[in-house]
Amino acid sequence: DANRIAETVARVIGTVPRPVALHEPEIRNGDIAAVADCVRGGWVSPVAPIARRFEAELGRISNSEHVIVCSSGTAALHLALLAIGVGPGDEVLVPALSFAATANAVVYCGAQPHFCDVEPQALGLDPAALARHLAACGQAGPNGLVNRNTGRRIAAVLPMHAFGHPVALDEIAAICAQYDLPLVEDAAEALGSTYHGRPVGSIGRIGIFSFNGNKIVTTGGGGAVVTNDAALGEKARHLGTTARRRDTGRIEHDAVGFNYGMPGLNAALGLAQVERLPELIQRKRDLAGRYRAAFAGMAGTSLVEELPDTRSIYWLNTLMLDNAAAADAALAALHERQIMARPIWTPLHLLPMFRDSPRMPDMQAERLAACGINLPSSAHL
Ligand SMILES: *Cc1c(COP(=O)(O)O)cnc(C)c1O
């Protein structure tokens, strides 16, 4: 019951001071010194060389040849979608269970999110459901695949690695290849996660990370576009730096661009933090292992787990209960003990701004969202 669940979580996290946050950044003295050095040096804006050094380091970590650091993960997602050509009147296939930014960025491009179901083990986009749905609603059009129900072009598939767990990329990529759809990875929560031994992010055509304050590596606020396609990387960088021409000495722009660069100030913090990524991942995986051992065999509970042959950073641990009432009771019992667990996202297709967006019928995302709670997951735990 709820008290037994709360006591189990309390035992795993031990005697750390209450209240216990869901996820806290870890700022060390070296991080503070790196930011202070950056401020003293005067290179604080997005043109700072340290921002290029952070990009090089992210490229190494994520096996990406082209990295563009941005002011947020949401801005990075907007640029990634623009770079692959998502535009007004298009639809983009997105998971119904995600942070709102995944669908918001689609709308920033003038397109519509088209919500797809997720699978229960890792909460990622369900390839079987995607295949069934595209077989039912996809139709070949002059400019690519069209949703026969709306008449709109389907421009991309945008899976999200939920809570750090890599989605079934091979299966999703095979469906993308069948319909000639670009695959864009929302890897905001998954810096350092691997799929079949390869880092997620740029396994698809293009992808993004977030460095918001609650992510595994933080720059305060920030994000990055990653790709191995030089043309896409160049387009994303151009649009994110006010589309200013670099082939002329004049101040000239060739499109309405965006001011989405990451200030050097933030990159300095990110570069200092990312050095500790392997250690942070190890500690987060250890914590996930302790939750797994503590809940093993407890009736009415299960943990969301990485898929086979993937290695998740376990950004947030997720406990699934049997029903919404059990999840609410567990949350109340945890909050009573000053343990700041929280419900997972409300499915995006139920939010008012997406009420009229296209979606798959009968999604299990609704039941999963009602039954799932995130447990405290800071690396220091
Ligand atoms: C954090 C996050 C983003 C980007 O968020 P920002 O706060 O803009 O950096 C995008 N998608 C998902 C799934 C996220 O968790």
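Each ligand, and each atom within it, is numbered from 1 in the order the structure gives. Quick note: residue numbers are just sequence positions, from 1.
Between Phe209 and Phe211, the two ring planes are tilted [angle within 30° to 60°]. Between Phe115 and Phe354, the ring planes are perpendicular. Angles over 60° get that label, and only those under 30° would be called parallel.
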Ligand 1 polar-atom proximity to protein (N/O, under 3.5 Å):
residue, atom, partner, partner atom, Å
ligand 1, 8 (O), Gly73, N, 3.4
ligand 1, 8 (O), Thr74, N, 2.9
ligand 1, 8 (O), Thr74, OG1, 2.5
ligand 1, 9 (O), Gly73, N, 2.8
ligand 1, 9 (O), Ser210, OG, 2.6
ligand 1, 11 (N), Asp186, OD1, 3.4
ligand 1, 11 (N), Asp186, OD2, 2.9
ligand 1, 15 (O), Glu189, OE2, 2.5
ligand 1, 15 (O), Lys215, NZ, 3.2

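Side-chain contact check for His196 versus Arg311: every heavy-atom pair is 4.5 Å or farther apart.
His66 and Glu234 form no side-chain donor-acceptor contact under 3.5 Å, judged by distance and modelled atom types alone.
Within the 6.0 Å centre-distance limit, the rings of Tyr314 and His165 are counted as a close aromatic pair.
Residue pairs meeting the side-chain hydrogen bond (donor to acceptor under 3.5 Å, both in side chains) criterion with at least one member in residues 122-143, sequence neighbours excluded: His114-His133.
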